[in-house]
Amino acid sequence: MRCTFGQVQFRLSSPVLLTLLIAACQSFGQTSERKVTQLADGVYAIQHQNLIDGNISGNTTVIIGDREVFVVDSTYRQSAALEDIAQIHQWTNKPVGYLLNTHFHNDHNNGNKTYMDAFPSLAIVAQEETKKDMDLIQPGNIERQPRELDTLIATFRQGKDQSGRPLTEDEKKEVQELLPKLEQAEAESKTLVYQSPTLTFTDKIVVDLGNRQVQVMHLGRGNTPGDAIVYLPKEKIVVAGDLLVHPIPFTGDGFPAEWAQTLHKMGELEATTIVPGHGPILHDKTYLYLMADLMQSAVDQVRARISQLGFPGGYTLDEIKGSVDLTPFRAKFAGDDKDLQDQFDDMAKHLVKITFSEAAQR
Ligand SMILES: [Zn+2]
């Protein structure tokens, strides 16, 4: 279904809220149910049901050992984290000993306090840059989120979008469907309490859960400065965080030149199952290499333009972006799905922006 909010600019402090609203308008009419997939004996991936339809809440992976449990990402909503914890209790009577935050975006760690309350001896693990970013950004997010949602709800109730433009009749109908979900999000966001990671690492930690080895690695920068992945060598499973988001990458943040290299390092791991940060479980590395190729193409084209123009501090993104063409990748990511094609084009714009920003700050 064509999104009628496509022209609306939402100004919100959190990438997830922005994504939430974009996804909401792009996915009207679609459902997004909670889905649990067993990846191996004692290893499960959870795709969350979203408050607003769309691919918003980060996936969670649960790894059960003989003594304790390792969880990857505590997702966006505390209520979803509670549901996951109830499910973990059904799977095992072992406690959750470790919770990894793959990166600082709050759709992967808003549930931290919920886990800490349920398992008081829990270690919350993060790469050191991720903890720094969370401590810097999350407390403000938690304060701003209810206010921003309040303002957005009030604006929609007045029949306008955030730029003050009156909504069309079709948009008003969609807003009527969206409002109760936004109100639910707002009520839940008011009860959110920040919980920082308690155990940081630089490059790698190896945890033995009892007959189950979990490797936690920072392979380099990508979607954020502190991306962490999990590798289960025996089970040949990789949990990628938002270094991989399927079917359309999330490029609201990141370092594309390093991202491509990080993806190639991930590709070197012997793996037959890959859990992306959002979206369904992948069973080969085709998408991983497609994403690495997309990043590299953006980087190569931006660099070629810089080499024509010279000193990058002297010009703007506008002078770059016309020289970068990522449309050859559109069909590979989006097929002939019009909504996905629109999402791809939006993603490509962000990708050129962050590629230029990274190149200019080299
Ligand atoms: Zn995410």
Side-chain angles (χ1 to χ4, degrees), residues 10 12-24 26-27 32 34-35 45-61 71-81 84 99-112 114-115 124-127 129-131 133-134 137-138 141-142 145 185 188-189 192 197 218-219 221-230 238-256 259 262-263 266 274-282 287-288 291 295 333 340 343-344 346-347 350-351 354:
F10 292 104
L12 294 165
S13 62
S14 147
V16 74
L17 272 177
L18 183 67
T19 314
L20 180 144
L21 287 159
I22 293 166
Q26 281 164 341
S27 311
S32 167
R34 187 174 188 275
K35 184 176 176 194
I46 303 169
Q47 294 169 252
H48 295 98
Q49 183 188 29
N50 287 300
L51 186 62
I52 295 170
D53 296 340
N55 191 13
I56 304 144
S57 301
N59 292 338
T60 290
T61 303
V71 172
V72 186
D73 283 341
S74 60
T75 200
Y76 181 58
R77 297 171 60 199
Q78 308 100 291
S79 55
D84 294 350
L99 165 66
L100 173 72
N101 295 152
T102 54
H103 61 293
F104 78 89
H105 297 161
N106 59 0
D107 50 325
H108 299 262
N109 54 52
N110 270 353
N112 278 7
T114 307
Y115 275 87
I124 302 182
V125 184
Q127 206 274 347
E129 294 300 324
T130 290
K131 179 179 165 68
D133 278 341
M134 282 177 67
I137 295 161
Q138 262 292 69
N141 271 350
I142 285 172
Q145 240 166 269
E188 195 163 334
S189 73
L192 200 54
H218 171 63
L219 300 175
R221 302 203 294 183
N223 173 50
T224 68
D227 295 303
I229 67 147
V230 163
V238 167
V239 186
D242 282 4
L243 286 168
L244 281 181
V245 170
H246 186 279
I248 305 293
F250 177 73
T251 53
D253 205 354
F255 308 88
W259 198 335
T262 300
L263 286 170
M266 196 195 294
I274 303 175
V275 184
H278 301 256
I281 315 306
L282 307 170
Y287 186 77
L288 182 157
M291 211 173 134
M295 298 283 155
F333 281 87
L340 283 183
Q343 287 182 49
F344 177 88
D346 192 50
M347 177 280 297
H350 287 291
L351 178 55
I354 61 174

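Ligands are counted one by one from 1 in listed order, and the atoms in each one are counted from 1 as well.
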Under 3.5 Å, is there a donor-acceptor pair between the side chain of T130 and the main chain of G226? yes
What distance separates D73 CG from N110 CG, expressed to the nearest 0.5 Å? 11.0 Å
Listed protein N/O/S atoms, distance to the Zn ion (ligand 1) under 2.8 Å: D107 OD2, H108 NE2, D242 OD2, H278 NE2
For the residue pair D242 and D107, establish whether any side-chain heavy-atom pair is separated by less than 4.5 Å. yes
Is it the case that the ring center of F250 lies less than 6.0 angstrom away from the ring center of H278? no
Distance in Å, L100 CG paired with H108 NE2, rounded so as to fall on 0.5 Å steps: 11.5 Å
Contact check, side chains of T262 and D227, non-hydrogen atoms, under 4.5 Å: no
